[in-house]
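For reference, the structure is listed below as structure tokens.
Keep in mind that the numbers below use all heavy atoms, side chains included, and drop hydrogens, waters and symmetry copies.
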Amino acid sequence: MAGMRNIIKKIVEDTYKELVKDGVLPDGEIGSGHLISVPKMEKHGDYASNFGLVMAASLKMPPRKLAEIMKNALSNNPDFQTIEVAGPGFLNFFFSNEFWQKRLLKIKKEGEAFGQGSEGAGKKVLVEFVSANPTGPLHVGHGRGAAVGDSLCRILKAAGFQVDSEYYINDVGNQMNTLGRSVYLRYQEYFGKEVEFPDECYKGEYIKEIAKEIAERHGDRFLHKDMEECLDFFTREAVDRIFAGIREDLDIFRVHFDNWFSEKTLHDSGYVEETISMLMDKGVIYEKDGALWFKTSEFGDEKDRVVKRSNGVLTYFAADIAYHRNKLERGYDMLVDIWGADHHGYVPRVKAAIEALGHDPKRLSVLLVQLVNLIEGGKLKAMSTRAGEFVTLRQVLDDVGVDATRFIFLTRKCDSHLDFDLDIARKQSQENPVYYVQYAHARLCSVFATARERGVEILPHSKIDLTLLKDPEEIRLMKFLVRFPEVVTASAVNLEPHRVSYFLTELAGMLHKYYTKHRFIGDDPELTQARLLLADVTRTVLKNGLTLLGVDAPEKM
RNA sequence: CCGCCCAUAGCUCAACUGGAUAGAGCAACGGACUUCUAAUCCGUAGGUUGGAGGUUCGAGUCCUCCUGGGCGGGCCA
């Protein structure tokens, strides 16, 4: 179902073209500035067009006069109850009650599919997120990226895109050695050996636990071996365990990946080397001081970057170039990378790489997710990764629950810092907005439970008199429900999941208000039938929306 | 020094990519349960959108400068 705004936009623009053809209005190009919006105030209509304002200059006419001419021509359309010219030259459209009532039936028919759109039809998208190094458990910051990425995948799918989600595993490099070394040392310590624990090693408790498990399983057979000899073993053990933990955490968090992509495979297959060769052939690689440099500055980056160090080792960036080449070669039209905001300096060089490889850098969108401040007792909780002092995602999930955590992460724009107040998140009360939405859903479910108990038979649509739904609150609710698919589409196109959660909060508010003022099940059987349909549709939209956020829609609370 | 992000009610955040009188929730105060769930609703109060200019029919949103906060600027990842 095409969004209302697109429908109206087309009607307005077609009408203009008719008027041009008839010689009523001068010809002019309709720019991208023409927008259909939902006015903030009800008296400004259900939808508004800024056509008069946008076209006034090029057509050399006063905006209000232009709007007036448009209004007269548009009034032929029976769907519009009234059209007003208002303010500096807006066209305000008011639809009839019957129009909204009919829409309600359409939503009912679409059911679970309501909200889905075709904006992304035929487009393949790869969303890469979390991609945390397997050197420790996920922390709260990763959780934010996970929630945003997972929800975005759901939303993009709903908007018609073909979506794959992917976790890029950085299983190569110094950090892997550091990890293995850390476990090795803790293993030595476990058997009472005194060791010097270097500052760059991972100091978290989980390292000790891994060392302990290895000791319990393998005894002291590595105790007298050189680190060089058994480093691979310790590294592999550590990575496997940490990864198992990460996957478990993500599973609990309802975050699922289609692919787990290992950096190591890019190196092992020679794909990274091959990619660098390709760039060399294109003449964008040069040698300096014994290292290979990529001329990213020619593609808008601040300065050139090393892809191969003078010691012959490829950089992380080299692998990342190869990785993005690989993504594009897999046939994705659009790439979405979700990174922590501390990696923002990395964006220009990856875009440079994509361009140098002959692709449009606009195919990559990088979502920079800002950091999360954990607040408890009104105070900021210190987070030091190296020192191993940080609150893990798992701890937060065990503490406040998946729904509340996801909702908090998804009720904010990505590019602003997030204060995660544990005290508020913990509260199962009105302070916590997730329950506000869930409660609306649960309330509606209990309406139907009551209807069943009282033996109210739900009639087929054809026998329901929808014109009985004419109360202002009912009309308002119907209008709002109709907007859902547009919200989903806008959320997908702009890569902003928070739009869905704000929509749901507002919808829940309307429902609660209605619930307090009116009764779904009343003495009038016909009105009851009509209202139950409204309840049913509202429940569906709430559930569809919550599903996009990965939040449960409970039937009871 | 340079670059990116942020700054909106006491607090946490919105504002549909430039629209009309900037909105919610929490906190504060005052009300509403004999009813399908009061995890709710109604009302009151709360603002020079950090500051100063500029762009135009119109700016929280765009451009410049300033202030304050966050993060980057390795042949680390």
Side-chain angles (χ1 to χ4, degrees), chain A residues 5 33 35-41 43-44 48 50 52-54 56-57 62-64 86-90 92 133 135 170 172-176 288-293 302-303 305-311 313 315-317 319-320 340-348 368 370-371 373 375 378 408 411-413 415-421 424 427-436 438-440 442-451 453-454 483 486-487 490-491 494 496 498-499 501-503 505-506 508-509 511-522 532 535 556-557:
Chain A
R5 287 159 65 185
L35 292 173
I36 305 300
S37 59
V38 178
K40 284 173 191 155
M41 276 176 293
K43 65 173 181 177
H44 289 148
N50 61 352
L53 294 156
V54 174
R64 283 196 66 109
F90 288 103
N92 293 341
N133 298 341
T135 54
N170 301 126
V172 176
N174 288 334
Q175 43 162 5
M176 287 297 99
K288 193 181 90 180
D289 305 327
L292 289 183
W293 297 70
E302 283 178 346
K303 52 187 167 190
R305 311 289 174 178
V306 170
V307 287
K308 192 180 224 172
R309 290 177 255 164
S310 51
N311 64 5
V313 178
T315 60
Y316 172 84
F317 178 44
D320 223 11
D342 51 337
H343 290 74
H344 71 260
Y346 212 75
V347 178
L368 296 168
Q370 288 289 344
L371 101 156
N373 291 318
I375 313 278
I408 289 167
T411 311
R412 257 118 206 173
K413 280 187 299 194
D415 51 10
S416 53
H417 293 215
L418 190 156
D419 286 336
F420 195 108
D421 193 318
I424 289 179
K427 280 186 202 166
Q428 305 220 339
S429 75
Q430 44 190 352
E431 277 180 79
N432 200 334
V434 67
Y435 301 113
Y436 186 78
Q438 290 186 317
Y439 184 49
R443 270 185 144 179
L444 289 169
C445 289
S446 91
V447 167
F448 283 95
T450 305
E453 275 172 31
R454 297 190 191 168
R483 280 160 55 186
E486 268 170 353
V487 172
S491 181
N494 294 292
E496 293 179 340
H498 78 274
R499 294 182 188 226
S501 72
Y502 273 91
F503 174 86
T505 306
E506 201 173 336
L511 184 274
H512 287 310
K513 188 177 193 152
Y514 183 84
Y515 188 98
T516 315
K517 194 165 174 184
H518 305 280
R519 301 191 60 73
F520 287 99
I521 304 165
L532 282 176
K556 273 184 192 167
M557 284 177 75

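For A/A56 against A/P62, the heavy-atom pair with the smallest separation is CB-C, 4.4 Å. The two residues A/A451 and A/L532 come nearest to each other via the heavy atoms CB-CD1, 4.4 Å. The two residues A/G345 and A/P348 make their nearest non-hydrogen contact at O-CD, 3.4 Å. The shortest non-hydrogen separation linking A/T411 to A/Y502 is O-OH, 3.4 Å. Nearest heavy atom pair, residue A/R443 against residue A/H512, reads NH1-ND1, 3.1 Å. Shortest non-hydrogen contact noted between A/A291 and A/S310 is CB-N, 3.9 Å.
Side-chain contact between A/N50 and A/S37 is absent, with no heavy-atom pair separated by less than 4.5 Å. Using a 4.5 Å cut-off on side-chain heavy atoms (C-beta onward), A/F90 and A/H44 make no contact.
Contact annotation for A/N50: base contact, defined as any heavy-atom pair under 4.0 Å involving a base atom. As judged by a 4.0 angstrom heavy-atom cut-off over every strand, A/A48 is placed among the base-contacting residues. Contact annotation for A/A57: no contact, since no heavy-atom pair falls under 4.0 Å across all strands. Contact annotation for A/L418: backbone-only contact, meaning every heavy-atom pair under 4.0 Å involves sugar-phosphate atoms and none involves a base. Base engagement by A/H44 is indicated by at least one non-hydrogen atom pair under 4.0 Å involving a base atom. Among the heavy atoms of the strands lying under 4.0 Å from A/R5 is at least one base atom, whether or not backbone atoms are also near. In this structure, A/T505 reaches neither bases nor backbone, as no heavy-atom distance under 4.0 Å exists between it and the strands shown. A/P88 comes within 4.0 angstrom of a base, heavy atoms only.
Atom NE2 in A/H344 sits 9.0 Å away from atom CD in A/Q370 (nearest 0.5 Å).
Here B/C41 is the nucleotide among B/C36, B/C41, B/C16 with the atom lying nearest to any side-chain atom of A/K513. Checking B/U21, B/U40, B/C36 against the side-chain heavy atoms of A/Y515 singles out B/C36 as nearest. Side chain of A/R412, nearest nucleotide from B/A14, B/C16, B/U21: B/A14. Picking from B/C36, B/C16, B/G19 the nucleotide with the shortest atom distance to the side chain of A/V447 gives B/C36. In this structure, the nucleotide among B/A20, B/U40, B/U35 sitting nearest to the side chain of A/A86 is B/A20. When distances are taken from the side chain of A/R519 to each of B/C16, B/C36, B/A15, the shortest belongs to B/C36.
B/C6 and B/C13 have their P atoms separated by 14 Å, with the value rounded to a whole Å. Of the P atoms belonging to B/G72 and B/A9, the separation is 27 Å, rounded to the nearest Å. Between B/G70 and B/A52, the two P atoms lie 24 Å apart (nearest whole Å). Going from the P atom of B/G60 to that of B/U21 covers 10 Å, rounded to whole Å. The C1' atoms of B/G53 and B/C76 are separated by 44 Å, rounded to the nearest whole Å. For B/C62 and B/G43, the C1' atoms lie 40 Å apart once the distance is rounded to whole Å. Spacing of P atoms, B/U61 relative to B/A15, comes out at 14 Å, to the nearest Å. Taking atom C1' on both nucleotides, B/G3 is separated from B/A22 by 32 Å, rounded to a whole Å.
Stem regions for RNA chain B, each three or more consecutive Watson-Crick or G-U pairs with both distances under 3.5 Å and listed by first number, read B:1-5 with B:69-73, B:10-13 with B:23-26, B:28-32 with B:40-44, B:50-54 with B:62-66.
Between the CG atom of A/L444 and the C1' atom of B/A39 there is a distance of 14 Å, rounded to whole Å. Computed from coordinates, the A/E506 CD to B/C41 P distance equals 13 Å when rounded to whole Å. In this structure, A/D419 places its CG atom 11 Å from P of B/A14, rounding to the nearest Å. Distance NZ (A/K556) to C1' (B/C36): 14 Å, rounded to an integer number of Å. Rounded to whole angstrom, the span from the NZ atom of A/K413 across to the C1' atom of B/A7 amounts to 11 Å. A/K40 places its NZ atom 7 Å from the C1' atom of B/G19, with the value rounded to the nearest Å. Distance, A/Y502 OH to B/C13 P: 9 Å, rounded to whole Å. What separates CZ of A/F520 from P of B/U40 is a distance of 17 Å, to the nearest Å.
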Original post:
What is the per-nucleotide protein-contact pattern of nucleotides 70-77 of chain B, from the 5' end, where B denotes a base atom under 4.0 Å from a protein heavy atom, S denotes such proximity for sugar-phosphate atoms only, and - denotes neither?
Top reply: SBSSSBSB

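No donor-acceptor pair under 3.5 Å is formed between the side chain of A/T315 and the backbone N or O of A/K308.
Remark: A/R499 is not in phosphate contact with B/A14, judged by side-chain N or O atoms under 4.0 Å from OP1 or OP2. Within the 4.0 Å cut-off from OP1 or OP2 of B/C36, not a single side-chain nitrogen or oxygen of A/H518 is found.
Against the 90° criterion about 0, the sugar-base torsion of B/C33 places it in the syn range.
A donor and an acceptor atom sit less than 3.5 Å apart, one in the side chain of A/N92 and one in the base of B/A20.
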**OP:** Check step by step if side chain to side chain contact (heavy atoms under 4.5 Å, CB included) holds for A/V447 and A/I521.
**Re:** CA-CA 8 Å; A/V447 167; A/I521 304 165; 4.1 Å; yes

Subject >> Derivation and outcome, ring pair (Phe, Tyr, Trp, His ring centres under 6.0 Å), residues A/F448 and A/F520 >> reply: CA-CA 9 Å; A/F448 283 95; A/F520 287 99; 8.0 Å; no

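Mapped onto RNA chain B by nearest heavy atom, A/I521 and A/R483 fall at different nucleotides, with A/R483 at the one closer to the 5' end. If A/Y514 and A/K43 are placed on RNA chain B by their nearest nucleotide, the residue sitting closer to the 5' end is A/K43.
Aromatic stacking is marked for A/F90 over B/A20, as both cut-offs hold: 5.5 Å for the centres and 30° for the planes.
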